[in-house]
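One structure is given here, and the rest of the page talks about it.
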Protein chains: 2
Amino acid sequence: MRVRLEDVARAAGVSPKTVSRVLNDEANVRGPTREKVLAAMAAMDYRPHPSARSLAANRSFLVATVYDNPSSNYLTEIQTGVLDACDEHHYSMMVRPLHVESADFVERIDTLISHHRPDGLLLTPPITDHPQLLARLHELDVPYASVSPMNRSGSIGAFIDEPKAAREVVGHLLGLGHRRIAHVTGHPSHGATGWRLTGYREALSAAGIPFDPALVVEGDFSFSAGVAAARQLFSLSDRPTAVFAANDDMAAGVIWAAGEHGLSVPRDVSVVGFDDTPISRQIWPTLTTIRQPSREMGRIAALELLAALRGKGEGRMVQLPYALQVRESTAPVG
Amino acid sequence: MRVRLEDVARAAGVSPKTVSRVLNDEANVRGPTREKVLAAMAAMDYRPHPSARSLAANRSFLVATVYDNPSSNYLTEIQTGVLDACDEHHYSMMVRPLHVESADFVERIDTLISHHRPDGLLLTPPITDHPQLLARLHELDVPYASVSPMNRSGSIGAFIDEPKAAREVVGHLLGLGHRRIAHVTGHPSHGATGWRLTGYREALSAAGIPFDPALVVEGDFSFSAGVAAARQLFSLSDRPTAVFAANDDMAAGVIWAAGEHGLSVPRDVSVVGFDDTPISRQIWPTLTTIRQPSREMGRIAALELLAALRGKGEGRMVQLPYALQVRESTAPVG
DNA sequence: GCAGGCGATGACAGCGCTGTCAATTGGCAC
DNA sequence: GTGCCAATTGACAGCGCTGTCATCGCCTGC
């Protein structure tokens, strides 16, 4: 039989309730008492029984990470960060893939909640921006944190300054002397799409370059969308000398299409992406891009959620730094 | 307050224990009684409280998926499959990334087990092949299932016939008239590495082609290893007309290196990979490869594990079908 | 030195379910 | 119709912990 809280109490010469207080880091335990209990717990290698704790405390010590189809690299990073945070506070994490477009999306989250009773949810884009879901969560009074939500007000989570990052990567191209810079946008339903377009326009505007709608092509974050957009752009009589694709997959598609058109990257055309996914290092030339600290974003968002759950503060919306990764796909304008 | 088992019992006019029996699908409940209970449960939208169940039954209804660094695509697929299986039987799943090389690897699994008390583990390569871990799991009497383990005997899980798949993809090259076929191996610590090499040798042997050690280069499953191996192979005076890389990332590296050497794929050299990861469709030319049903492998392995946990059978080691995906990176020998 | 007040600790019940074992029922042979 | 056995059902305790509230002890101020 395992070591139980009662055993620790006996060994420490206190009541079970006092051990419980120490375990849960509650106030009103005298220093020496706490020490005694901690020593006994360590000596006996005590581990609280999660189910017993949950049952008695009416909390699950469980956080659910909910996602729909982000790239698996991104997801794995976020997931790892959330796990980091959960481990720090002895919470568990479960994962739940869902289809945000499906009719029963909100209902499925209801089911998730009533089955597993997570103490809080961690949402990833685009689930962060589903109004009915957020309304339902408020209704059920289930706390949640969001990674890169479209609307940050009133919620807790983590984000980077996307427009600024986009300005910076476009600024890098401007600094190399490029003036005809095209942009391939992301999927219209993602917040990132708008932010990156905004950053692109702001950077051009700050450099005194007029906005040319012919240089902006709608994509959807996929490799093939990058190919299609690039075919269109490279067929223009006055073709761009640089392309800012709203993510790395599309940038890879642009680079492929460049080869198809007999254009060499970066000699004839510079290409930049966004996200710093592994593909940015797996293609040739390697891709200049923006690195998001995805794992850290998952971790921080989860930590803020846990802080709120544990009643240590309200939970904040935290801004994290990004970093421009200059690689081989960009060069001075020829 | 939520609906409890007691409420259902009252509504159905039976004792709580009988409801429990129906809930747990136990024998010795008469048909009509079962119906009555099921009807009451449905009418009241009853959900058992997981913690209460775990506490009383001394089982967690939890499976832990343990992994070290597989590619995130592979991991996500496996994870989704395991979740599919867990959902089918109202189990939960947790995930746990670990470093198999670290000194405290087994200890960390011990900690995982004593903290979260999963009823079983789901192992992915290369964790499937860690003798001390497996020994420890037997010692602790914790059931586990393995996906693609090196040693299948006596364990439960899912696998594909890797040597046969390798024979098939090499056979595809042979069918295109290739005779000088090189092989870039995987990381020596992975079972797949040996199987794929074996399949390669068997295919050549069956075609009456002598084995040439100069055409086999050791890699490690990474893009850059593919590049390095290909540089070596393409510098041979009698260079190969086709390359079988032990996974897609290395195949992508081979294709890149071909460009570097002024070789066109597939005109001058055919390249095949293994795994059918997204990169096989994101590069140009798209990659001929072997598709593993990873999600299904996760699902089936988990189902077998659950069957064993629930006492419905012993749990089997199940073979699943693979499929050769012919794409653009292979062509008849020039 | 003593009342008053607050911080620290403990007693106790019970969270929602299942294991054990006892009680009851139904079915069948005769 | 009766007796017997197995199948079915129920009573009860308790899984390991925490919430609530009562109690205890110590320090403060006069």
Side-chain angles (χ1 to χ4, degrees), chain A residues 1-38 40-41 44-62 90-92 114-117 119 309-311, chain B residues 1-38 40-41 44-62 90-92 114-117 119 309-311:
Chain A
M1 187 53 55
R2 292 176 56 89
V3 179
R4 285 158 311 147
L5 182 139
E6 189 191 338
D7 304 319
V8 176
R10 198 173 308 117
V14 299
S15 76
K17 179 65 214 184
T18 297
V19 178
S20 168
R21 275 193 265 264
V22 172
L23 194 63
N24 292 288
D25 209 29
E26 283 174 29
N28 299 336
V29 179
R30 221 176 310 220
T33 311
R34 183 181 300 275
E35 297 306 328
K36 257 192 319 190
V37 171
L38 288 173
M41 292 206 295
M44 307 175 80
D45 193 30
Y46 169 68
R47 321 273 185 170
H49 192 301
S51 302
R53 239 151 88 89
S54 302
L55 182 60
N58 198 27
R59 307 196 283 149
S60 61
F61 299 95
L62 211 208
H90 298 290
Y91 267 66
S92 302
S114 65
H115 265 149
H116 299 277
R117 301 153 170 268
D119 290 338
L309 292 180
R310 303 189 315 135
Chain B
M1 184 55 53
R2 291 175 57 89
V3 178
R4 285 159 311 148
L5 183 140
E6 188 192 338
D7 303 321
V8 176
R10 200 173 308 116
V14 298
S15 76
K17 180 64 212 182
T18 297
V19 178
S20 167
R21 275 192 265 263
V22 171
L23 194 61
N24 293 288
D25 209 29
E26 284 173 29
N28 299 336
V29 178
R30 219 172 312 221
T33 311
R34 184 181 300 275
E35 297 307 328
K36 255 192 320 191
V37 171
L38 288 172
M41 293 204 298
M44 306 174 83
D45 193 29
Y46 168 69
R47 323 272 183 168
H49 192 300
S51 303
R53 238 150 89 90
S54 303
L55 183 60
N58 197 29
R59 306 196 285 150
S60 61
F61 300 94
L62 211 208
H90 297 290
Y91 267 65
S92 302
S114 65
H115 265 148
H116 298 278
R117 302 153 169 268
D119 290 338
L309 293 179
R310 304 189 313 136

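First the proteins, then the strands, lettered A, B, ... as listed; each starts at 1.
- When rounded to the nearest whole Å, the span between CD of B:E6 and P of D:dG10 equals 14 Å.
- Residue A:N28 is the one, among A:N28 and B:K17, whose nearest nucleotide of DNA chain C lies closer to the 5' end (criterion: closest heavy atom).
- One can place CG of A:D7 at 11 Å from P of D:dC15, the figure rounded to the nearest angstrom.
- If you measure from atom CZ of A:R10 to atom P of D:dC17, you get 12 Å, rounded to the nearest angstrom.
- Remark: B:R4 is not positioned above the aromatic ring of B:Y46, lacking an NZ or CZ atom under 6.0 angstrom from the ring centre and at most 45 degrees off the axis.
- The distance from the CG atom of A:L62 to the OG atom of B:S51 is 8.5 Å, given to the nearest 0.5 Å.
- Comparing D:dC17, C:dG16, D:dG19 by their closest approach to the side chain of A:E26 singles out D:dG19.
- We find the OG1-NZ distance between A:T18 and A:K36 to be 9.0 Å, quoted to the nearest 0.5 Å.
- Dashed line: the shortest gap from a side-chain N or O of B:R30 to OP1 or OP2 of D:dA7 is not under 4.0 Å.
- OP1 or OP2 of C:dG10 sits under 4.0 Å from a side-chain N or O of A:T18.
- Nearest nucleotide to the side chain of A:L23, out of C:dG16, D:dT18, D:dG10: D:dT18.
- For the pair B:S20 and C:dT18, the criterion of a side-chain N or O lying under 4.0 Å from OP1 or OP2 is met.
- Remark on DNA chain D: of its neighbouring residues A:P48 and B:S15, the 5'-side contact belongs to B:S15, judged by nearest-heavy-atom nucleotide.
- Distance CG (B:N24) to P (D:dT9): 16 Å, rounded to an integer number of Å.
- OP1 or OP2 of D:dC17 sits under 4.0 Å from a side-chain N or O of A:Y46.
- For the atom pair A:F61 CZ and A:L309 CG, the distance stands at 10.0 Å (nearest 0.5 Å).
- C:dC17 atom C1' lies 14 Å from atom CE of B:M41, rounded to whole Å.
- The NE2-C1' distance, from B:H115 to D:dG16, rounds to 16 Å in whole Å.
- The 5' end of DNA chain D is approached more closely, in terms of each residue's nearest nucleotide, by A:L55 than by the other of A:L55 and A:R59.
- Interatomic distance, B:R53 CZ to B:R59 CZ, rounded to the nearest 0.5 Å: 7.5 Å.
- With hydrogens and angles ignored, no donor-acceptor pair closer than 3.5 Å exists between the side chain of B:R47 and the base of C:dG16.
- Contact of A:R21 with C:dG10 (side chain to base): a donor-acceptor pair of N or O atoms is detected under 3.5 Å.
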Self-check item: Working for side chain to side chain donor-acceptor pair (under 3.5 Å), residues B:H116 and A:S92
Solution: CA-CA 8 Å; B:H116 298 278; A:S92 302; 3.2 Å; yes
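- Between A:T33 and A:N58, the residue anchored nearer the 5' end of DNA chain C, judged by the nucleotide with its closest heavy atom, is A:T33.
- Summarising the geometry, the separation between NE2 on A:H90 and P on D:dC17 is reported as 14 Å, rounded to the nearest angstrom.
- Atom CZ of A:R53 is separated from atom P of D:dC15 by 19 Å (rounded to the nearest Å).
- Closest to the side chain of B:A56, out of D:dG19, C:dT9, C:dC17, is C:dC17.
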